[in-house]
There are 2 protein chains.
Amino acid sequence: MPTIKDVANKAGVGIATVSRVINDSGYVGKKTKEKVLKVIDEIGYHPNEIARSMTRQKNHIVAFVLPNNKHVFFSELLYELEQILFEDDYKVMLCNSSEETYKEIEFLNMLKNNRVDALILLTNNDIEDEIDSKLPIISFDRIIENVPLCTSDNYTGGQMAADILIDKGCEKFLFIGDDAQGVNTPVNTEVSKRRIGFNERLKERGKKQIYNFEYPLGNYLIQPEKAREVLLKYPDVDGIFAISDAVGFTLIKELEALGKNVPKDVKVIGFDGGSKFFDYGRKLSSIAQSPKKIAKALRDMILNFSDNQPVKDIVLPVKFNEGDTT
Amino acid sequence: MPTIKDVANKAGVGIATVSRVINDSGYVGKKTKEKVLKVIDEIGYHPNEIARSMTRQKNHIVAFVLPNNKHVFFSELLYELEQILFEDDYKVMLCNSSEETYKEIEFLNMLKNNRVDALILLTNNDIEDEIDSKLPIISFDRIIENVPLCTSDNYTGGQMAADILIDKGCEKFLFIGDDAQGVNTPVNTEVSKRRIGFNERLKERGKKQIYNFEYPLGNYLIQPEKAREVLLKYPDVDGIFAISDAVGFTLIKELEALGKNVPKDVKVIGFDGGSKFFDYGRKLSSIAQSPKKIAKALRDMILNFSDNQPVKDIVLPVKFNEGDTT
DNA sequence: TAGTATAGTGAAAACCTTTCCACAATATTA
DNA sequence: TAATATTGTGGAAAGGTTTTCACTATACTA
């Protein structure tokens, strides 16, 4: 592979001049520039990005640490993030943690190693102690002290779900979601505000019969058997708010299997975006997040880190996508 | 951030010694080693990976160029690839091309730039001219001259689908899939062998009524309206082989909407893995690829590139996953 | 005991850029 | 015209590693 030196020699100029040409920086005479560009083209020179990273001490790579890129919402977010960062010449390194703390820590170390310039962290583990808040970390959906947060307005989303179910005439409510508290180590996730907003609004509006069901963390999914068990335990429920669309869809299937009509007997609201991502033959009503807006917010935060600007929390609005399950 | 020099100074040794300690290479006295490790721990030294890449001219990053990480099969493959490469300390850079040639070219340039060590290319565009076969490129599902190929045995998969439908008593067959030939520029994709294997086996076994329907490329998906149009066009069909599970599921829904019973009136086979990835309430019969095996094959090919070993084509077996649609 | 492996160490070169600085040539201002 | 800006250029340092090489000290061999 030819280097900048080869270009300089062949063009009869100094390497500094070549550098100025390829970076379009500083003064370069018109004729010199043309000559250099010609040589670059002739010998097929491509600047070595590793060497560039070396001097700049930046490599324009962002790590996205998440439990699992297969989850339909994460998948969408990952896509939008990659698309939008492409425009700023940032690349995305995919880091599936599988919810394993040791992996998350290894990924976090990539910041100290200069393997990546910034890191977006989506975790449900208790790893606060492992986080150096001086590093360029953005937390998604999870409150970590001194780490900038990007999230959707989960609390309002929960309130909206309550309002909709109440307005549609429901009387006995069930929230179902995974236990964001972890097993013994309470972690402060934004996602749990879905439940909190939901329950608080129900109480505000004088609704008494409220059930909560939370199971150990499982990627915002629920086993069908588990879902059925819950539904059998609370047979009188007529309004369900599910922590995610995936859970919502599983519930609908189980409800129908139990002979219930959705939405006539039971109304169901999910969270994420409804049938935008899934298509099970039913259009799930859902509190929708916007992956595109989230991606843009993350991009802005990353650019602020890069420019040494202050990085502020961003909470994005949600909206109700009405389907045929309410 | 402390550097190797800081460690060397504080430990009263040369930087070469520190390097030998952190890389566990060459001779280092026991006491010296302990002293160096102690200092590293004390001052919190982390080797700068950019500098390491500089000397090694390798950065242990693999680019995965694909149309779209949201597609359920790609999503699975991406996941498995990232998981398996993690073990060898390779990181995966996600490169969504959205089927755009200019993006694919930009991603290919990352090899010349030393931005990545190797690249996995999953494309349906005619970009043979842009490919320098001396670069460490692996083509997935697409035949490109002088570029090593990794794929599933699509031809046999097509044959299997034919055999199964015939054995189940079907008489009038339809293949439905996207037009791998592109609009005007024929590209040589492995995926089109699904159709070829299917059709050839049908002919071998004396079946005459064979319909093909191919639509412009669209990520192995089909619009429901389009699906219905095709089904109305060929109302006598009783055995369908769909190029992907996603297409297969859409077909089933449309068939049912048209009052047909699956599998009684029409049998449907998809391709990829069946209900392993999807869950629409039906278990789709499918010719299954193994993302895990593919990921392993890709890993082996990448390691061979890295070791300057010859890199050979790999064709992986498929198997039939019986669901309730045949 | 002399001669040769083996173990242990550090200085310096190399990897390929960017950027600072010094300097030269030309253009502009008073 | 002299003084000062502006434009244009190249040498050299810096960025943080790995690796080669030369060298010393110790252990083994005959």
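First the proteins, then the strands, lettered A, B, ... as listed; each starts at 1.
Residue B:Ile15 is in base contact, counting any heavy-atom pair closer than 4.0 Å across all strands shown. Within the nucleic acid shown, B:Asn23 comes within 4.0 Å of sugar-phosphate atoms alone, with no base atom in reach, counting heavy atoms only.
Side-chain nitrogen and oxygen atoms of A:Thr32 include at least one within less than 4.0 Å of the OP1 or OP2 phosphate oxygen of D:dT9. For A:Ser19, no side-chain nitrogen or oxygen approaches OP1 or OP2 of C:dT17 to under 4.0 Å. A close approach under 4.0 Å does not occur between any side-chain nitrogen or oxygen of A:Tyr27 and OP1 or OP2 of C:dC23. Of the side-chain N and O atoms in A:Thr17, one or more sit less than 4.0 angstrom from OP1 or OP2 of D:dG10.
Ion pairing between A:Arg52 and A:Glu49 holds under the 4.0 Å rule for side-chain N and carboxylate O.
Aromatic ring centres of B:Phe64 and B:Phe74 lie farther apart than the 6.0 Å criterion allows.
Both B:Arg56 and B:Gly14 lie close to DNA chain C; mapped to their nearest nucleotides by heavy-atom distance, the more 5′-ward contact belongs to B:Gly14.
The nearest whole Å value for the distance from the NZ atom in A:Lys58 to the C1' atom in C:dT17 is 17 Å.
At a cut-off of 3.5 angstrom, counting only N and O atoms as typed in the model, there is a donor on one side and an acceptor on the other between the side-chain of A:Arg20 and the base of D:dG10.
Of the candidates C:dT18, C:dC16, C:dT19, C:dT19 carries the atom nearest the A:Ala16 side chain, counting heavy atoms from C-beta on.
Within 6.0 Å of NZ on B:Lys296 lie no more than 12 heavy atoms contributed by other residues, nucleotides or ligands.
Between B:Ile61 and B:Arg115, the closest side-chain pair of non-hydrogen atoms is not below 4.5 Å.
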